[in-house]
Amino acid sequence: MQDAITVLINSSDVQGKYLDSTSLERLENYFHSGDMRAKAATAVSANAKNIVTQTVAKSLLYTDITAPGGNMYTCRRYAACVRDLDYFLRYATYAMLAGDTSILDERILNGLRETYNSLGVPIGGTIRAVQAMKEVVTSMVGSEAGREMGVYFDHIAAGLS
Ligand SMILES: CCC1=C(C)/C(=C/C2=NC(=C\c3[nH]c(/C=C4\NC(=O)[C@H](C)[C@H]4CC)c(C)c3CCC(=O)O)/C(CCC(=O)O)=C2C)NC1=O
């Protein structure tokens with residue numbers, strides 16, 4: 001896993017240079033947003049269960065996916081989906097704190113599309129749920145932090161499609 005700081009330092013180190021002004025500016029923006037990131041992570045972790053419940057209600061409940069024959073039909077599969085949504089939320093929060101998407105590539109997206117395809121988990125429905133989660137989180141943490149979390153939800157959606 002990488003973060004906004006290690007990415008910038010590593011690329012300067014490779015060149016044997018101090019951080020240039022562009023890198024320093026990026027670092028400064030990251031430090032300035034630290035309080036916003038920490039507050040957003042606090043709000044998300046205190047409301048994670050609620051966020052997942054609202055996401056399911058907004059995007060999956062009463063669709064073909066939860067009806068008999070759908071991929072979320074039966075308690076076991078419903079619970080697996082809720083658990084996956086909680087993974088997405090938790091890892092998007094880690095990535096938002098780090099200011100970097102690499103943890104999503106390593107822990108969430110690596111092999112996920114293949115797993116979903118082999119189990120018949122609908123990718124379209126999953127992406128719809130991730131987009132709904134972005135809206136639920138934004139309405140909870142406000143537009144600035146919501147935009148930042150949105151970067152990581154979009155990364156998950158793009159990695160699945
Ligand atoms: C921390 C990283 C991590 C991820 C991301 C992960 C995902 C993951 N989701 C799975 C299953 C599943 N995932 C879903 C999810 C859904 N079905 C739908 O229709 C919805 C659209 C969607 C929820 C949004 C379902 C229903 C299953 C069970 C499928 C089955 O066994 O038939 C499986 C197969 C094994 C299992 O059932 O546990 C994995 C590995 N596991 C991990 O360790």
Side-chain angles (χ1 to χ4, degrees), residues 1-10 30 33-161:
M1 173 208 155
Q2 290 195 307
D3 57 57
I5 305 172
T6 52
V7 165
L8 292 168
I9 291 177
N10 285 337
Y30 178 66
S33 63
D35 193 44
M36 177 269 286
R37 284 171 207 274
K39 283 193 176 124
T42 306
V44 168
S45 61
N47 295 288
K49 222 177 151 184
N50 185 12
I51 293 168
V52 171
T53 305
Q54 281 189 50
T55 299
V56 172
K58 212 173 152 87
S59 59
L60 298 166
L61 222 50
Y62 311 119
T63 66
D64 290 352
I65 292 175
T66 48
N71 192 259
M72 280 174 81
Y73 190 67
T74 76
C75 282
R76 182 188 66 79
R77 289 204 298 259
Y78 191 102
C81 178
V82 165
R83 178 210 58 197
D84 286 6
L85 289 172
D86 190 57
Y87 286 150
F88 296 161
L89 180 62
R90 183 157 57 89
Y91 281 94
T93 306
Y94 292 158
M96 180 276 298
L97 282 170
D100 190 271
T101 54
S102 62
I103 194 166
L104 296 175
D105 297 333
E106 291 161 16
R107 311 275 171 83
I108 294 285
L109 293 169
N110 186 7
L112 186 61
R113 196 146 64 96
E114 294 71 16
T115 305
Y116 276 3
N117 283 334
S118 74
L119 290 169
V121 174
I123 303 281
T126 305
I127 290 174
R128 215 166 51 238
V130 171
Q131 295 302 343
M133 182 174 270
K134 183 165 118 177
E135 291 165 21
V136 171
V137 167
T138 300
S139 71
M140 180 168 290
V141 298
S143 60
E144 194 196 0
R147 245 190 329 274
E148 194 54 35
M149 281 294 287
V151 169
Y152 304 99
F153 289 129
D154 287 345
H155 189 82
I156 294 174
L160 277 172
S161 53

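In listed order, ligands and their atoms are each counted from 1.
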Tell me: protein heavy atom nearest [atom], and distance?
atom                    : answer
atom 2 (C) of ligand 1  : Arg107 O, 3.3 Å
atom 34 (C) of ligand 1 : Leu119 CD1, 3.4 Å
atom 42 (C) of ligand 1 : Tyr87 CE1, 3.5 Å
atom 28 (C) of ligand 1 : Ala80 CB, 3.7 Å
atom 40 (C) of ligand 1 : Thr115 CG2, 4.0 Å
atom 22 (C) of ligand 1 : Cys81 SG, 2.9 Å
atom 33 (C) of ligand 1 : Arg83 NH2, 3.8 Å

Does any N or O atom in [X] lie less than 3.5 angstrom from one in ligand 1, N or O only?
X     : answer
Asp84 : yes
Tyr91 : no
Arg76 : yes

Between [X] and ligand 1, which part of the residue brings a heavy atom under 4.0 Å of the ligand: side chain, backbone, both or neither?
X     : value
Tyr78 : neither
Val82 : neither
Asn71 : both

Within-4.5 Å side-chain heavy-atom neighbours: Phe88 and Leu112 |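 Of all side-chain heavy-atom pairs linking Leu112 with Phe88, at least one is under 4.5 Å.
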Closest heavy-atom pair and its distance - Arg128, Ile65 = NH2-CD1, 3.9 Å
Smallest separation among heavy atoms of Ala129 and Leu60, with atom names |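 Nearest pair, atom of Ala129 first, then Leu60: CB-CD1, 4.0 Å.
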Glu135: what forms a salt bridge (Lys or Arg N to Asp or Glu O under 4.0 Å) with it, not counting sequence neighbours?
-> Lys58
Please indicate whether Asp64 has more than 12 foreign heavy atoms, meaning atoms of other residues, nucleotides or ligands, lying under 6.0 Å from its CG.
->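 Not more than 12 within 6.0 Å, no.
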Any protein heavy atom sitting closer than 4.0 Å to atom 25 (C) of ligand 1?
->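 Under the 4.0 Å cut-off, atom 25 (C) of ligand 1 does have protein heavy-atom neighbours.
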Ring pair (Phe, Tyr, Trp, His ring centres under 6.0 Å) partners of Tyr94, counting only residues at least two apart | Tyr91
